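Since the model is a prediction, treat every value here as computed from it, not as a measurement.
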Amino acid sequence: MGFARTCSVALVGVEGVVVEVQADLEPGVAAFTLVGLPDKTLVESRDRVRAAVVNSGAEWPQKKLTVGLSPASVPKSGSGFDLAVAAAVLGAAERVDPAVIADLLLIGELGLDGRVRPVRGILPAVLAAAEAGYRQVVVPQQCAAEAALVPEVSVLGVRSLRQLIAVLTDGEVPDEGPPDAFGRPDPMTAGLVLPGAGLGTGLAGGGYGACAPPDLADVAGQHGARRALEVAAAGGHHLFLTGPPGAGKTMLAERLPGIMPPLTRQDSLEVTAVHSVAGILPPGEPLVTVAPYCAPHHSATMQSLVGGGNGMPRPGAVSLAHRGVLFLDEAPEFSGRVLDALRQPLESGQVVIARAAGVMRLPARFLMVLAANPCPCGRQTLHGAGCECSPSAVRRYQGRLSGPLLDRVDLRVGVEPVSRSDLVGRSGGRGESSEAVALRVAGARARAAERLADTPWRINAEVPGHELRTRWLPAPGALAQAERDLERGLLTARGLDRVLRVAWTVADLAGKGRPDPHDVAVALELRTGIARGVPLPQECRS
C-alpha cells in the first residue's frame with residue numbers, strides 16, 4: 001500500500017482555503033476514484049492526470065487509486081488541482097519521495113501531453129497559502145511573476161510535469177521552452193483571459209496602444225463639473241452628472257481615473273486578486289498599479305453588476321471596479337432592482353453573496369459616477385431644442401433613480417451645454433491637464449491620510465459621520481447653514497454627514513486645517529445643486 005499527500009488551494013471568491021490532496025494505492029482492480037466534493041471540471045482531472053503522467057514518461061500505477069481532497073465539506077472547482085493530484089499519485093507510487101512533496105503547495109492545470117497550463121486566481125491562492133504557513137509553492141511558469149508578488153514565499157515555475165518530476169528527483173531538468181519559432185504568442189496563456197468577462201473594464205493609462213490616456217485638458221469648458229471631479233477624486237465621493245447629450249458627461253467620467261493617485265501596494269494586491277479570479281488580468285502584467293475603470297452597459301443584469309452566476313458566484317462590476325471608478329452611463333435606463341442592489345456595497349465596501357454552494361465576500365470599495373439626461377429625449381434644458389416630453393414622463397424618467405440611492409451620492413452636478421467660445425475659441429476651452437489636477441488631489445489625500453493615521457480609514461468618504469462630528473470638529477459655526485437645511489428637510493441625517501465629509505475634502509484641497517463656513521457652503525452647493533453664492537476656486541476658472 002502506498003500513500004502520499006500534498007496541498008493545493010480552493011478559491012471561494014477571492015478568499016482561499018488550503019486543501020490537502022491525499023493519494024492512496026491499494027491492491028485490487030485498477031480504478032481511479034476522486035472524492036472530496038469536486039465539481040465536474042475537477043472530476044474530469046482524472047483523465048487529464050492519467051494522460052499527463054503517462055505522456056511524461058512515468059508509469060501509471062495499476063492498482064486501486066483513491067484521491068481525497070480535504071476538508072471534504074469545502075466545495076472545490078476548477079482545473080488548478082491537476083498538478084497537486086499528479087504529484088500525490090506519483091508520491092504514492094514512490095516515483096517521487098512522499099516526504100519531499102508533503103510541504104509543497106502546487107497549483108496548475110495539466111494538458112494531456114504533460115504541459116502545465118496557467119490558471120486564474122494564482123495571487124489570492126498564494127496569499128492563502130502564505131497565511132497558512134506554506135513557504136514553497138509550485139505554479140505554472142506563466143504565472144510565476146504573479147505568485148512572486150507575495151512576500152516570503154519561494155516560487156517555482158514549471159512548464160511541464162516532466163520538469164516537476166526532474167526537480168523533485170534531483171534529475172536533469174528538460175528544456176520546455178514555448179514554441180515561438182514563428183513569433184506567435186505562447187498558446188498556454190490562452191486560459192488566463194476570458195473573452196467577455198471584463199464588463200467594460202479597463203485600466204487608466206493602459207489599453208490605449210500607442211495613444212496617451214485621456215487627459216482632462218481635452219474637456220472644453222465645464223468648470224463646475226471639473227471642480228466636482230477634483231473633489232470626488234480627492235475624497236472618494238460618489239458623483240452624479242446630469243445634463244443634455246453631448247455636454248461631456250462621459251468624457252469627464254473617463255478622465256476621473258487619470259487624476260486619482262496610483263494604488264498603494266495593498267490596494268494593488270487586492271485589485272490584482274479580483275482581476276485574476278475574474279480572468280481579466282492581462283498576461284505579462286502581474287500587478288495592477290492604476291485605478292481600474294468599469295463601465296457596464298445599462299442592460300447589465302444584477303448578477304453581472306454585483307456578482308453571481310451558476311455554482312459559486314463570480315465577481316461583478318462593483319468588484320472589478322474595486323479601488324477605482326464604476327461609471328453607470330444612462331443611469332435611469334438601468335433596472336431599478338439592479339441600481340438598488342448597489343446600496344449595500346456603497347455603504348459597506350464589500351459584496352456578500354449567499355448561494356447554496358456557499359457564501360462569498362468580494363471587495364467593492366469603488367467610486368461611483370452616475371450620468372443621466374434631464375428627460376427621456378435629453379433636450380429639456382436646451383433652449384429652442386423642441387423637447388416634447390410631458391411632465392409626467394419627465395417625473396417617471398427621473399424617478400427611476402430611487403431616493404435611497406441618490407441619498408448615498410455626495411456630489412450632484414449639472415453639466416451645461418458647451419458654449420461656442422469654449423469649444424472653438426482661441427484656447428479651445430482647454431483647462432488644466434490631468435497631471436496638474438492629480439498633483440492637487442495627491443496633496444489633499446496626503447493631508448487626509450496624515451489626519452486619519454492610526455485609524456481604519458484613509459480617505460474622507462470612509463470616515464463615519466459620528467467621528468467627524470465628535471473627533472475632528474469643523475470651525476465654530478461652520479455647520480450652521482447645513483443644520484438649517486436639515487431642519488427644512490433639504491438634507492437627511494446621512495446627507496448632513498456626507499456634506500461634512502465633502503467639506504473636509506474641500507478644506508484639504510485648499511490646504512486648510514479644518515473646514516470653515518465657506519467649505520461647508522461649497523459642499524452644500526455640490527450636494528443639493530442649490531447655488532450658495534460660492535465663487536469658483538482660481539484653479540477651476542483657469
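Taking CZ of Arg115 as the reference point, atom OG of Ser56 lies at 11.5 Å (rounded to 0.5 Å). Note that CG of Asp82 and OG of Ser79 are 5.5 Å apart. Values are rounded to the nearest 0.5 Å. A distance of 12.0 Å separates OG in Ser299 from CD in Glu330, rounded to the nearest 0.5 Å. Between the OG1 atom of Thr66 and the CG atom of Leu34 there is a distance of 9.5 Å, given to the nearest 0.5 Å.
In this structure, Asp407 and Val409 have side chains that are not in contact, with every pair of non-hydrogen atoms separated by 4.5 Å or more. Side-chain atoms of Leu239 and Asp410, non-hydrogen and from C-beta on, never get closer than 4.5 Å to each other. By the 4.5 Å heavy-atom criterion applied to side chains, Met368 and Leu342 are counted as neighbours. Pro124 places none of its side-chain heavy atoms less than 4.5 Å from the side chain of Thr272. His237 has its side chain within reach of Thr505: a pair of non-hydrogen atoms, C-beta onward, lies under 4.5 Å apart.
Between Phe32 and Trp60, the angle of the ring planes lies from 30° to 60°, which puts this pair in the tilted group.
Panel note: side chain Arg255, backbone Leu252; no donor-acceptor pair is recorded below 3.5 Å. Using modelled atom types, one side-chain atom of Arg314 and one backbone atom of Ala278 make a donor-acceptor pair closer than 3.5 Å. Checked by atom type and distance alone, the side chain of Ser319 never pairs as donor or acceptor with a backbone atom of Pro315 at under 3.5 Å. The main-chain N or O of Phe334 is never found under 3.5 Å from a side-chain atom of Arg400 such that the two would form a donor-acceptor pair. Looking only at distances, a side-chain donor or acceptor of Arg445 sits under 3.5 Å from a matching main-chain atom of Ala233. Side chain of Asp24 to main chain of Val67: no donor-acceptor pair is present (N/O by atom type, distance under 3.5 Å, no hydrogens or angles). The backbone N or O of Val288 sits less than 3.5 Å from a side-chain atom of Ser268, completing a donor-acceptor pair. Ser45 contributes no side-chain N or O that, together with a main-chain N or O of Arg48, makes up a donor-acceptor pair within less than 3.5 Å. Side-chain atoms of Ser160 never come within 3.5 Å of backbone atoms of Val116 as a donor-acceptor pair (strictly under, hydrogens ignored). Between the side chain of Glu146 and the main chain of Leu123, a donor-acceptor pair closer than 3.5 Å is present.
Looking at Thr250 and Glu254, their side chains never bring a donor and an acceptor atom within 3.5 Å of each other. Between the side chains of Arg159 and Gln141, at least one donor N or O lies within less than 3.5 Å of an accepting N or O.
By the 6.0 Å contact criterion, CG on Asp97 is enclosed, its count of non-hydrogen atoms from other residues, nucleotides or ligands being greater than 12. Heavy-atom contacts from other residues, nucleotides or ligands closer than 6.0 Å to CD of Glu44 number more than 12. Around atom CD of Glu347, more than 12 heavy atoms belonging to other residues, nucleotides or ligands sit under 6.0 Å away.
Residues Asp267 and Arg458 are paired through a salt bridge, judged by an N-O separation under 4.0 Å between the basic side chain and the carboxylate. Under a 4.0 Å N-O distance rule, the pair Arg50/Asp47 qualifies as a salt bridge. Ion pair Glu270/Arg323 flagged as a salt bridge, since at least one NZ, NE, NH1 or NH2 atom sits closer than 4.0 Å to an Asp/Glu carboxylate oxygen.
Here the shortest heavy-atom pairing between Val14 and Pro363 reads CG2-CD, 3.7 Å.
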